[in-house]
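Letters A, B, ... are given to chains in the order of the sequence lines, protein chains preceding strands, and every chain is numbered from 1. Model, not experiment: these values are computed from the prediction.
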2 protein chains.
Amino acid sequence: MLHGLSINNRKPEELRALARDRRELAISKTGRLKALLLNEAKLLEFHADLRIWMVSSARPLSESALPSRPETGLVPLRHSTLGRLMSRMALSAEDEQALISAARARTFERDDVVLAEGGRCDALHMLCGGAARASRTLEGGNLQIVSVFLPGDALNPGDVLLGRSPTTISALTSSLVLSIPADELRSLLTHRPSIVRALWRETALLASIQRERLIGLGRKAAEARLAHVLCEFAYRLQKDARDGDAVELPLTQVELADLLGLSPVHVNRVLQHLRGRRLVEFSRGRLVIWKKNDLYAFAEFDPQYLQTELADDS
Amino acid sequence: MLHGLSINNRKPEELRALARDRRELAISKTGRLKALLLNEAKLLEFHADLRIWMVSSARPLSESALPSRPETGLVPLRHSTLGRLMSRMALSAEDEQALISAARARTFERDDVVLAEGGRCDALHMLCGGAARASRTLEGGNLQIVSVFLPGDALNPGDVLLGRSPTTISALTSSLVLSIPADELRSLLTHRPSIVRALWRETALLASIQRERLIGLGRKAAEARLAHVLCEFAYRLQKDARDGDAVELPLTQVELADLLGLSPVHVNRVLQHLRGRRLVEFSRGRLVIWKKNDLYAFAEFDPQYLQTELADDS
DNA sequence: CGGCCGTTTGAGCCACATCAACCGGGGTGG
DNA sequence: CCACCCCGGTTGATGTGGCTCAAACGGCCG
């Protein structure tokens, strides 16, 4: 796979060619391998897009910098993952460009460590493709997953400010991460207040998610706890999903257990029970919500806390 | 007590007089009532200080504004609670003054609600005296405490940005809260980048604390979980405490239970067990750590995550 | 075909919950 | 000043959700 093949010194065309190879290879394959190849293809294409974007937008800045983000123009990434990342941060075109230009892209394979526990945290990382987790290993060998990151999430918006990484951040699947080294980040932060705001908001959002999980861990039974995270993931992956829609969630039951503070065995049983009640279904990375409303009610899940833009009712 | 007596339209001298009354009254009293009266006296004096500070520093700004915060000069609050709050935020004298001038002070009695769950969150609140908690009540009637706030903490640095209050914030004891309304805050944030930074850092710090608690809830046994929060509180209240020092921690066993996701009965038993091992002692609001190192090790507590200034080793 | 990883199933056990009663101090009301 | 009462803490008995250990299963890949 991508192992060992360097991405950073290749031209966009090469990357696209590699991606095409992956896609062709995928046709003849089946199951997990196929998914893997397609995922890699996506990452490669994304990387190519990124290169093109960085080069093409390096020059014509002052003239294309409309006050609000333009839907047309040189930016070909509006609907790509990078686009989603950026639109969530709600930055001006200028700020976007400054941010992305300072970034270095890197791919990680499953279980690769992006940032080790206890080390100095000298770069801001953002996840563009794949999935990642932040976890802590206790003395007994127990593992607790603290956060699961999906494309568009910042991995350490708070830690980069405090300067230390309190958890290990590692990839759940092949992932693409944009990293901004500390010194470049520093200058971005001093000159671009809206980037500070955006990172502050990311920090607050991450904290919101952790808070909900905390409440679940403290006071909900296993079933509601599990149901809640499934709601959360479904919503984060696809806000407007209808009953019966499926989303890809690259987690095993063991990882769910480490996330929920349960044993894998129990996760399995609870999952079966939820399936039996025809509320949700989750197996080998495929999540289907059958009765969204019932599930939300059962899990006491209110997507409010995941909203990035504030709705302005009452 | 303070119930019903308006604080906001009194002169500093009056407030000081009231505080003196409280202290005198306290002498003849005993136990809890005494503590209560002393606490109120402190709050009143604090309030008086605040008034004086605001008036006296309203004018001579540009001349007294040294680049870094001056140890001398007009500021009489360096060692008061307000001083600690400010020094933690590490703002310049100008920013400090702008922040405090925009604030309105208010006192709350035990169980008074500062900010209700689900409501719009239209002010930034900072705790100057007393203690407070953020909690969520579930449908079953179960309560989970999400955060405990001590003097100097911001109560909702993240929520004020996201615009909604996801938890109920209420006072644990008579407390004094500085509040900055949203519109004043907005203008502070646009004109004073270091205030944004400070609030971002507060958000990150709060998230750190929640993360540690999350790890405990997920994967630690009741005993280590309890030991950990006791370490946390002792450290937050008095970083440099020696073995055997006592600190005041205004929590009941029931509240500890709601914080740790345990039953009150079990908290009691675990507390006894820890006391039996001569590690910690906690009763009626008085916390004593007997063997700091042993306790830290047992709880896997590393104060790193509470550090506000980054140590620059390695 | 064989091995591996993720899932499934079953049996027994333990940490912690629940229920219920009692204690003890200190503040309040008679 | 005494009696009561309320609240926070303490104790015991009993129940159970979720854990552990152990083994089998099934798809996927080599």
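Residues from residues 252-260 of chain B that place a heavy atom under 4.0 Å from any atom of DNA chain C: there are none. Residues of residues 271-283 of chain A that place a heavy atom closer than 4.0 Å to DNA chain C, in numerical order, are A/Gln272, A/Arg275. The stretch residues 215-230 of chain A has no heavy atom under 4.0 angstrom from DNA chain C at all.
B/Val114 places a side-chain heavy atom less than 4.5 Å from the side chain of B/Phe108. Under the 4.5 Å side-chain criterion, counting only non-hydrogen atoms from C-beta, B/Asp245 is not in contact with B/Val288. Side-chain atoms of A/Arg219 and B/Leu143, non-hydrogen and from C-beta on, never get closer than 4.5 Å to each other. B/Ser147 is not listed as a side-chain neighbour of A/Arg211, based on a closest heavy-atom distance of 4.5 Å or more.
Side chains of A/Ser165 and A/Glu117: a donor-acceptor N/O pair is absent below 3.5 angstrom, by distance only. Side-chain contact, B/His273 with B/Glu223: a donor N or O sits under 3.5 Å from an acceptor N or O.
A salt bridge does not link B/Arg278 to B/Asp294: none of the charged nitrogens lies less than 4.0 Å from a carboxylate oxygen. Salt bridge status for A/Arg133 with A/Asp111: present, with a side-chain N to carboxylate O gap under 4.0 Å. Taking the charged nitrogens against the carboxylate oxygens, B/Glu232 and B/Arg213 do have a contact shorter than 4.0 Å, which makes a salt bridge.
By the 6.0 Å and 45° rule, B/Arg277 stacks over the aromatic ring of B/Phe298.
Using modelled atom types, no side-chain atom of A/Ser208 and backbone atom of A/Leu206 make a donor-acceptor pair closer than 3.5 Å. Formation of a donor-acceptor pair under 3.5 Å by the A/Asn268 side chain with backbone atoms of A/Val265 is not found in this model. A side-chain donor-acceptor contact under 3.5 Å links A/Lys220 to the backbone of A/Ala299. Checked by atom type and distance alone, the side chain of B/Glu212 never pairs as donor or acceptor with a backbone atom of B/Ile209 at under 3.5 Å.
Residue B/Arg110 contributes atom CZ, which lies 17 Å from atom P of D/dC6 at whole-angstrom precision. Rounded to a whole Å, the CG atom of B/Asn268 is 5 Å from the P atom of D/dT10.
Here the shortest heavy-atom pairing between A/Glu139 and B/Glu300 reads N-OE1, 3.2 Å.
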Atom pairs, protein N/O to nucleotides 23-27 of chain D N/O, distance under 3.5 Å:
none

Within the sub-3.5 Å range, which N or O atoms of nucleotides 18-22 of chain C have a protein N or O partner, and how far apart are they?
none

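Ring geometry for B/Tyr296 against B/Phe301 counts as perpendicular: the plane angle is over 60°, on a 0 to 90° scale with 30° as the lower cut.
Rounded to the nearest 0.5 angstrom, B/Arg136 CZ and B/Thr168 OG1 are separated by 8.5 Å. Rounding to the nearest 0.5 angstrom, the gap separating the CD atom in A/Glu255 from the OG atom in A/Ser135 is 10.0 Å.
Residue contacts for B/Gly261: at a heavy-atom cut-off of 4.0 Å it reaches the sugar-phosphate backbone alone, with no base atom in range.
Rounded to 10 degrees, the angle separating the terminal axes of the helix from C/dC1-D/dG30 to C/dG30-D/dC1 is 30°, with each axis obtained from five end pairs.
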